[in-house]
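Please read the structure below before turning to the comments.
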Amino acid sequence: IELQYQISGINSSAQIKTDDFGIKNLNSLSPANASKKNPGVAILLSMLLPGMGELYANGYESGKYFTLADGVLWGVFIGFNTYGSWKEDNYKSFAQSKAGINNEGKDADYYANIGVYISVDEYNKVQELNREFSKAYYNSSDYWKWQNESDRKEYRNMWSSSESAYNNVRFAVGALILNRLISAINAVRLVSSYNKNLESQTDLSYYFSYRQSPTLPSSINFNISKSF
């Protein structure tokens, strides 16, 4: 093995030669060749799954909390949506059996109104007194009449529970979006820090290369280059 070390005004280099290596190609190991991170990619990853943008920027230490929060929020979303749907089915079935309603084609306002008034006749009288005729129910399919006040109140409680659950679902959706936005902002900050750190590193490169000559022994060169 022959070791040579040569110094120039700009670069210094070290070279090792041997006849025993059978390697033909080796990639550069230079930190200067490390590529910069793309903020757009970090944003996209964070929007898909919070924390992944930080992982891309080599900063998952903070990104893991966004991933954890996302999992919790999805659990809240699924839980309240399931509960709200269950309560909705319950109050519709209860109103059908206790107030004689027809569930086909009814909107959210209808289910809210039947929980306030004992019958469709009472509701219509109030709308007529307020001269809001367009809000009155005149079709036979809109009929309802509670057997007693207790049933109406029980229905109202079931309806309120369902609406509260759906409100929590909307809160979870908003929190999921907010979590993604904050994660994206944090990921961009980490990418910027990563790129600045990359630019400030000493311009140091080192790599292997293979050289073969018909008149000289084959050799592998180990090169180091450093700018001052």
Side-chain angles (χ1 to χ4, degrees), residues 42-55 62-187:
I43 292 174
L44 177 61
L45 291 173
S46 288
M47 296 304 290
L48 291 174
L49 179 60
M52 294 300 98
E54 286 85 350
L55 180 63
S62 63
K64 63 184 179 183
Y65 298 108
F66 293 102
T67 305
L68 179 62
D70 194 65
V72 172
L73 289 171
W74 274 112
V76 171
F77 172 85
I78 294 171
F80 277 114
N81 192 60
T82 301
Y83 179 75
S85 178
W86 173 62
K87 295 297 288 186
E88 182 180 0
D89 291 339
N90 284 349
Y91 75 64
K92 287 181 178 180
S93 297
F94 184 82
Q96 186 174 19
S97 63
K98 298 294 184 179
I101 72 166
N102 180 355
N103 282 308
E104 293 184 9
K106 301 303 185 296
D107 58 15
D109 288 338
Y110 178 83
Y111 290 109
N113 290 330
I114 67 175
V116 178
Y117 301 93
I118 195 72
S119 69
V120 66
D121 293 332
E122 180 185 357
Y123 171 82
N124 284 344
K125 286 179 181 179
V126 173
Q127 305 311 312
E128 289 167 358
L129 287 173
N130 293 331
R131 305 188 65 81
E132 294 182 336
F133 302 104
S134 62
K135 293 183 178 180
Y137 296 116
Y138 296 116
N139 296 326
S140 59
S141 60
D142 296 327
Y143 170 86
W144 82 84
K145 184 176 182 179
W146 293 104
Q147 298 174 8
N148 51 63
E149 189 68 15
S150 177
D151 287 345
R152 183 193 68 78
K153 289 181 179 179
E154 184 176 353
Y155 166 85
R156 183 70 180 181
N157 290 334
M158 296 169 66
W159 176 86
S160 296
S161 295
S162 177
E163 288 299 300
S164 295
Y166 284 136
N167 285 335
N168 288 329
V169 168
R170 287 186 280 272
F171 165 79
V173 170
L176 284 165
I177 295 172
L178 182 61
N179 189 46
R180 280 161 169 73
L181 291 175
I182 297 175
S183 175
I185 293 171
N186 186 52

Heavy-atom pair with the smallest gap, counting every atom of Gln147 and Lys98: CG-O, 3.4 Å
Min side-chain heavy-atom separation Lys145-Val120 under 4.5 Å: no
Side-chain heavy-atom pair Met52, Phe66 within 4.5 angstrom cut-off: no
Check: Trp144 ring centre within less than 6.0 Å of Tyr117 ring centre: no
Euclidean distance, Leu49 CG relative to Arg180 CZ, rounded to 0.5 Å: 7.0 Å
Any Phe133 side-chain heavy atom under 4.5 Å of Gln127 side chain: no
Exam field: side chain Ser183 to backbone Asn179, donor-acceptor pair closer than 3.5 Å: no
Side-chain donor or acceptor of Asn148 paired with backbone N/O of Ser150 under 3.5 Å: yes
Least distance between heavy atoms, Met47 atom then Ala184 atom: SD-CB, 4.4 Å
Extract all donor-acceptor atom pairs below 3.5 Å that involve side chains of residues 80-91 and protein atoms in other chains or at least two apart in sequence.
{"unit_1": "Thr82", "atom_1": "OG1", "unit_2": "Ile78", "atom_2": "O", "d": "2.8"}
{"unit_1": "Glu88", "atom_1": "OE1", "unit_2": "Tyr166", "atom_2": "OH", "d": "2.8"}
{"unit_1": "Glu88", "atom_1": "OE2", "unit_2": "Lys92", "atom_2": "NZ", "d": "3.0"}

Any donor-acceptor pair under 3.5 Å from Arg156 side chain to Ala112 backbone: yes
Approximate separation, where rounding is to 0.5 Å, of Asn186 CG and Ile182 CD1: 9.5 Å
OH on Tyr123 to CD on Glu128, rounded to 0.5 Å: 11.0 Å
Any side-chain heavy-atom pair of Glu132 and Val126 under 4.5 Å: no
Within-4.5 Å side-chain heavy-atom neighbours: Lys106 and Asp142: yes
Distance-only donor-acceptor check, side chains Asn103 and Tyr110, under 3.5 Å: no
Non-hydrogen atoms of Ser46 and Glu54 that approach each other most closely: OG-OE1, 3.8 Å
Atom pair CG (Leu73) and CD1 (Ile177), whose distance is rounded to the nearest 0.5 Å: 11.0 Å
Residue pair Trp159, Ile114: steps toward the side chain to side chain contact (heavy atoms under 4.5 Å, CB included) verdict: CA-CA 10 Å; Trp159 176 86; Ile114 67 175; over 6 Å; no
Closest approach of Gly53 to Ala187 (non-hydrogen atoms, all atoms of both residues): C-CB, 3.6 Å
Basic-acidic side-chain contact under 4.0 Å: Lys125, Glu122: no
Close side-chain approach of Val76 and Asn168, heavy atoms under 4.5 Å: no
Interatomic distance, Glu154 atom CD to Phe94 atom CZ [nearest 0.5 angstrom]: 4.0 Å
Test item: Asn102 and Tyr143 side chains (from C-beta on) under 4.5 Å apart, heavy atoms: no
